[in-house]
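Labels below follow one simple rule: chain letters A, B, ... track the order of the sequence lines, proteins then strands, and each chain is numbered from 1.
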There are 2 protein chains.
Amino acid sequence: MDSINNIGNQDTYKKTTYVKSLKKALDILEYFTEENPEWGISDLSRVTGLYKSNIYNILLTFELSGYIQKNNQNGKYRLGFKFLDKSYIVSRHLTDTEIIHEALLDLSRDIPETIYYAILSQNSAIYLDAVFPSPSRFMPFVNGITAPLYCTGLGKALLSMCEDSFIKSVMLESDIKRFTDTTITDYEEMKKEIAITRKRGYSIDNMEHEYGVKCVSVPILDRKGNLNGAISASGPSLRFTDDIIEKYAELLIKTASELKNKL
Amino acid sequence: MDSINNIGNQDTYKKTTYVKSLKKALDILEYFTEENPEWGISDLSRVTGLYKSNIYNILLTFELSGYIQKNNQNGKYRLGFKFLDKSYIVSRHLTDTEIIHEALLDLSRDIPETIYYAILSQNSAIYLDAVFPSPSRFMPFVNGITAPLYCTGLGKALLSMCEDSFIKSVMLESDIKRFTDTTITDYEEMKKEIAITRKRGYSIDNMEHEYGVKCVSVPILDRKGNLNGAISASGPSLRFTDDIIEKYAELLIKTASELKNKL
DNA sequence: AAACGGTGTTCTTCAATAAAGAACGATATG
DNA sequence: CATATCGTTCTTTATTGAAGAACACCGTTT
């Protein structure tokens, strides 16, 4: 099985033949976030501007298939276990995961920080693996976390391998938030940043997403040169001096080039 | 957050107000299985009996939202990474997982077999955690595996806490396959089996799903008596003698009763 | 006890659009 | 070179998604 290069198919948006009722229903699922996992019919109606009966019918249909389930304790709706089922099928067929996990473990011996692996999906990076410097810093459920592309090391590493038109659409058409005072929110500035990243071979997250957290990341390509994902080392800014960042970058680049022959 | 007792809402099926185009689209996703992860438009059209243009538009819409992605190498479609994203939100809010994982680890000290935890979702058990007797028997990606209810230890333990009408619908309205010569495919026989399970307090999988694999399982209830899930010990039939099964059952029941006060 | 404001749910009615069906160009096959 | 099959596009019409009002229900408040 080959690696998958999904650059979030922007062209598809221009087509008009998509099923509008389906798109609308899928858009409703986006309201069920980590911060807001449960919704009532009326709340969703208010926030979407759709009629209650409309929301009701859509949620009922999702419930029918297990994608939404009703919390009988409070009558509210939440995402259903069916997503676990489906996500299993997705991850099961990412055959390169064992190879990449080995590479992360190797890196972890030289880098006493958290090592991440993420892939590109639509306008986000999705974490698929992580290795922690010590058991105490272990985080359950990293798999599936989504992170923005424009303000993370992994994101910018992924972007550096994408076409300029995609970078443009991310900066101009997707939701851009200023998380810290170093967050890059301007398209022209991002163009320069990506140019530097491409030339240098690695990306740096200079506390652009979280104060006090820095990160260095490189893209992973497969044998054919297609983008597979990105790996990163991430930790407290105090430990991430320029020297250290450069040292980690070299290690990451070495791993990336080794992986290129295996994927 | 309370435990969720989803018994696959059979009543919903009787309602006619659901969104048919959405249901149809969601049904198409079911064709993307572990065995058959990739589909072309024509193949799906053949197997579903729907028009190619219809399938095309639906897949296009799913692709738009990241639930389907096209494999550019062979032009076929597969499930998208969006499911990973959503499954993360689902598992993130299963707050009892840490407590249950601790319980599995404890059990693992007394039982040198694979210990599973699964919950009920629709007509399936979904694995949410596993602890392995040795690192060599480690299996990545257990989370999200679905297993049938009628022929697994976990499934029958879950069923034993469900209403009879649900058991009936599982046996008569869902897809029942004979995996081995001990698989229970008849509703009347299952009624007896569940009666025994309820009386005994634990279920036994006597190679009903796989030759050579036996399993013993008990349901997990929360403080209020609602079904949370089930835990099991599973391994080669040669090691699962009647004595051993009874011993493991006692340990599982002890764990279940301890969990009852914590959930 | 009665009135209120909130909820999720049901019903009907009509305009929107999902889906049928044919046709397209591209690619593969023999 | 002809045939088969693929994904994709187009148009047409009958289905049905969604508006909108009304419903029953449950707590609070009056």
Using the 3.5 Å cut-off, write out each protein N or O paired with an N or O of nucleotides 10-16 of chain D and the distance between them.
none

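- Side chain to side chain, B:Y117 and B:N228 meet the donor-acceptor criterion of an N or O pair below 3.5 Å.
- The number of heavy-atom neighbours closer than 6.0 Å to NZ of B:K168, taken from other residues, nucleotides and ligands shown, is 12 or below.
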Are there any protein N/O atoms within less than 3.5 Å of an N/O atom in nucleotides 2-7 of chain D, and if so, which ones and at what distance?
residue : atom : partner : partner atom : Å
D:dC6   : OP1  : B:R46   : NH2          : 2.9
D:dC6   : O5'  : B:S42   : OG           : 3.4
D:dG7   : OP1  : B:I41   : N            : 2.8
D:dG7   : OP2  : B:S42   : N            : 2.8
D:dG7   : OP2  : B:S42   : OG           : 2.5
D:dG7   : N7   : B:K52   : NZ           : 2.9
D:dG7   : O6   : B:K52   : NZ           : 3.3

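- Here CD1 of B:I41 is found 10.0 Å from OG of B:S53. Values are rounded to the nearest 0.5 Å.
- In this structure, the CG atom of A:L59 is 10 Å from the P atom of C:dG8, given to the nearest Å.
- A:F83 and B:Y67 have tilted rings, their planes meeting at an angle from 30° to 60° on a 0 to 90° scale.
- The CG-P distance, from A:N74 to C:dG8, rounds to 10 Å in whole Å.
- Rounded to a whole Å, the OH atom of A:Y51 is 14 Å from the C1' atom of C:dA15.
- Below 30°, between 30° and 60°, or above 60°: for B:Y150 and B:F179 the angle between ring planes is below 30°, a parallel geometry.
- Residue A:N54 has a polar side-chain atom (N or O) positioned under 4.0 Å from OP1 or OP2 of D:dA19.
- In terms of heavy-atom proximity, B:H209 sits nearest to B:P148 at CE1-CG, 3.8 Å.
- Rounded to an integer number of Å, the gap from CD1 of A:I55 to C1' of C:dT7 is 15 Å.
- In this entry the distance linking OH of B:Y18 with C1' of C:dT9 reads 18 Å, nearest Å.
- Protein atom CG of A:L50 is 12 Å distant from nucleotide atom P of D:dG20, rounded to whole Å.
- A salt bridge is absent between A:D27 and A:K24; no separation between the charged side-chain nitrogens and carboxylate oxygens falls under 4.0 Å.
- Rounded to whole Å, the distance from CD on A:Q69 to P on C:dG8 is 17 Å.
- No donor-acceptor pair closer than 3.5 Å links the side chain of B:W39 to the backbone N or O of B:R78.
- Donor-acceptor pairing under 3.5 Å is lacking for the side chains of A:S203 and A:T197.
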